[in-house]
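Following: one structure in structure tokens, then a few remarks.
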2 protein chains.
Amino acid sequence: MKSDLDAIFSALADPTRRAILTMLLEDDMAVTDVAEPFDISLAAISKHLSILTRAGLISQEKRGRVKWCRLEPEAMREASVWMQGFGQFDPVDLDHFERFLERELGG
Amino acid sequence: MKSDLDAIFSALADPTRRAILTMLLEDDMAVTDVAEPFDISLAAISKHLSILTRAGLISQEKRGRVKWCRLEPEAMREASVWMQGFGQFDPVDLDHFERFLERELGG
DNA sequence: CGCATGTTCAACCACATGGTTGACGATCCG
DNA sequence: CGGATCGTCAACCATGTGGTTGAACATGCG
């Protein structure tokens, strides 16, 4: 039986999926719009989105023809809590975070 | 070029490897002792350990015949920071964490 | 209706992953 | 030296993953 953590960490292990999550930080998006910046097929994006959905990291709601994707950051809490148990990390350093964001988006 | 986050998250995606990390919270351990509670071959454990090492989550040092494994929790910081950017999670809830630990250790 | 748009499904391919076993290298000990 | 212990390596196997393409389904629009 697969733990939630399995699903969450393996969903996060792919750079395309992390980039998608980062895009969804800005706003909800339709599947086609999520796919736009990537160089892979819509079908591939659709698979990534269903992996993210299964992990609980996003939710998808169909309105008309369009399926909207919404970030569900709460799902990350479980994984975050697990990791926090391994060290007394400092409170979030936003500068640090922005550099990671840039690296994620830029690379 | 694989990001550190790729290596870290995919290392964390496996329950055997998470269990190993949890064991190493207690103390440094020899490879053979790490393997003892698991039902898989020593060679398989050795592979898991080298994946954790490549991700920077543990370090290994050979003293005599014995190779000691040490937790390197700092490596989790990068991933932790990345995740924290997705939500203003509450400060670590230790009760919550203990329940996860039990679930991890208990099977 | 009939067509374009949005999204998924199915079949397929290449490659990575987690496991096995057996041989091997290295180190300690009698 | 010779044997036991510690650990990795190599070859192999089954399964999973990320990608492709082409067909299909669902919905909105003229």
Side-chain angles (χ1 to χ4, degrees), chain A residues 1-24 27-70 104 107, chain B residues 1-24 27-70 104 107:
Chain A
M1 184 168 110
K2 254 194 146 172
S3 131
D4 289 356
L5 288 174
D6 284 45
I8 293 170
F9 282 127
S10 57
L12 294 178
D14 184 274
T16 301
R17 287 193 291 265
R18 286 198 307 276
I20 291 173
L21 292 175
T22 303
M23 290 162 56
L24 291 176
D27 207 353
D28 297 0
M29 297 178 78
V31 173
T32 306
D33 295 332
V34 169
E36 196 272 330
F38 297 98
D39 238 20
I40 61 180
S41 68
L42 190 58
I45 294 291
S46 180
K47 282 193 199 176
H48 281 306
L49 291 172
S50 81
I51 288 170
L52 289 169
T53 300
R54 257 184 284 132
L57 291 164
I58 67 171
S59 59
Q60 293 182 281
E61 184 200 356
K62 194 167 176 178
R63 280 204 298 271
R65 276 190 293 202
V66 176
K67 201 158 178 182
W68 292 90
C69 306
R70 182 209 254 41
E104 275 303 292
Chain B
M1 183 168 110
K2 255 195 147 174
S3 133
D4 290 355
L5 289 174
D6 285 43
I8 293 170
F9 281 129
S10 57
L12 295 178
D14 184 274
T16 301
R17 287 193 291 265
R18 286 199 308 278
I20 290 173
L21 292 174
T22 304
M23 290 163 55
L24 290 176
D27 206 354
D28 297 359
M29 297 178 78
V31 173
T32 306
D33 295 332
V34 169
E36 196 273 330
F38 297 97
D39 237 19
I40 62 181
S41 69
L42 189 59
I45 294 291
S46 178
K47 281 194 199 175
H48 282 307
L49 291 172
S50 82
I51 289 171
L52 289 169
T53 300
R54 257 184 284 132
L57 292 164
I58 66 170
S59 59
Q60 294 182 281
E61 185 201 352
K62 194 167 176 180
R63 280 205 297 274
R65 276 189 295 200
V66 177
K67 202 158 178 181
W68 292 90
C69 305
R70 182 210 276 349
E104 277 302 295

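So that the names make sense, note that chain A is the first sequence line, chain B the second, and so on, each numbered from 1. Worth knowing before you read on, the calculation uses all heavy atoms, side chains too, and leaves out hydrogens, waters and symmetry mates.
For the pair B:Asp33 CG and D:dT5 P, the computed distance is 14 Å after rounding to whole Å. One atom, CD of A:Gln60, and another, C1' of C:dG6, lie 13 Å apart when rounded to the nearest Å. Residue A:Glu61 contributes atom CD, which lies 16 Å from atom C1' of C:dG6 at whole-angstrom precision. Distance, B:Ile51 CD1 to C:dG19 P: 9 Å, rounded to whole Å. In this structure, CD1 of B:Ile20 is placed 12 Å from C1' of C:dG18, rounded to the nearest angstrom. In this structure, A:Leu52 atom CG and C:dT8 atom P are separated by 12 Å, rounded to whole Å. The distance from atom CG of B:Leu49 to atom P of C:dG19 is 12 Å, rounded to the nearest whole Å. Protein atom CG of A:Leu42 is 14 Å distant from nucleotide atom P of C:dT5, rounded to whole Å.
Both A:Ala44 and A:Gly64 lie near DNA chain D, and the one whose nearest nucleotide falls closer to the 5' end is A:Ala44. Remark on DNA chain C: of its neighbouring residues A:Arg65 and A:Ile45, the 5'-side contact belongs to A:Arg65, judged by nearest-heavy-atom nucleotide. Between A:Arg63 and A:Ala43, the one whose closest nucleotide on DNA chain D sits nearer the 5' end is A:Ala43.
In this structure, A:Ile40 reaches the sugar-phosphate backbone alone: every heavy-atom distance under 4.0 Å involves primed, P, OP1 or OP2 atoms, never a base. Across all strands shown, B:Arg17 has heavy atoms under 4.0 Å from sugar-phosphate atoms exclusively, and none from any base.
Dashed line: the shortest gap from a side-chain N or O of B:Ser46 to OP1 or OP2 of D:dG7 is not under 4.0 Å. At least one side-chain nitrogen or oxygen of B:His48 sits closer than 4.0 Å to the OP1 or OP2 atom of C:dG19. A sub-4.0 Å separation between OP1 or OP2 of D:dT8 and a side-chain N or O of B:Lys67 is present. Regarding contacts with the backbone of C:dT20, a side-chain N or O of B:Ser41 is found under 4.0 angstrom from either OP1 or OP2.
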Apply side-chain contact (heavy atoms from CB on, under 4.5 Å) to the pair B:Asp6 and A:Arg18, showing each step before the final yes or no.
-> CA-CA 10 Å; B:Asp6 285 43; A:Arg18 286 198 307 276; 2.6 Å; yes
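Side-chain atoms of A:Ser46 do not come within 3.5 Å of backbone N or O of A:Leu42 as any donor-acceptor pair.
A:Arg17 places none of its side-chain heavy atoms less than 4.5 Å from the side chain of B:Phe9. The side-chain heavy atoms of A:Gln60 and A:Val31, taken from C-beta on, include a pair separated by under 4.5 Å. Side-chain contact between B:Glu61 and B:Asp28 is absent, with no heavy atoms from C-beta onward closer than 4.5 Å.
Side-chain atoms of A:Lys47 come within donor-acceptor range of the base of D:dG19, with a qualifying N/O pair under 3.5 Å.
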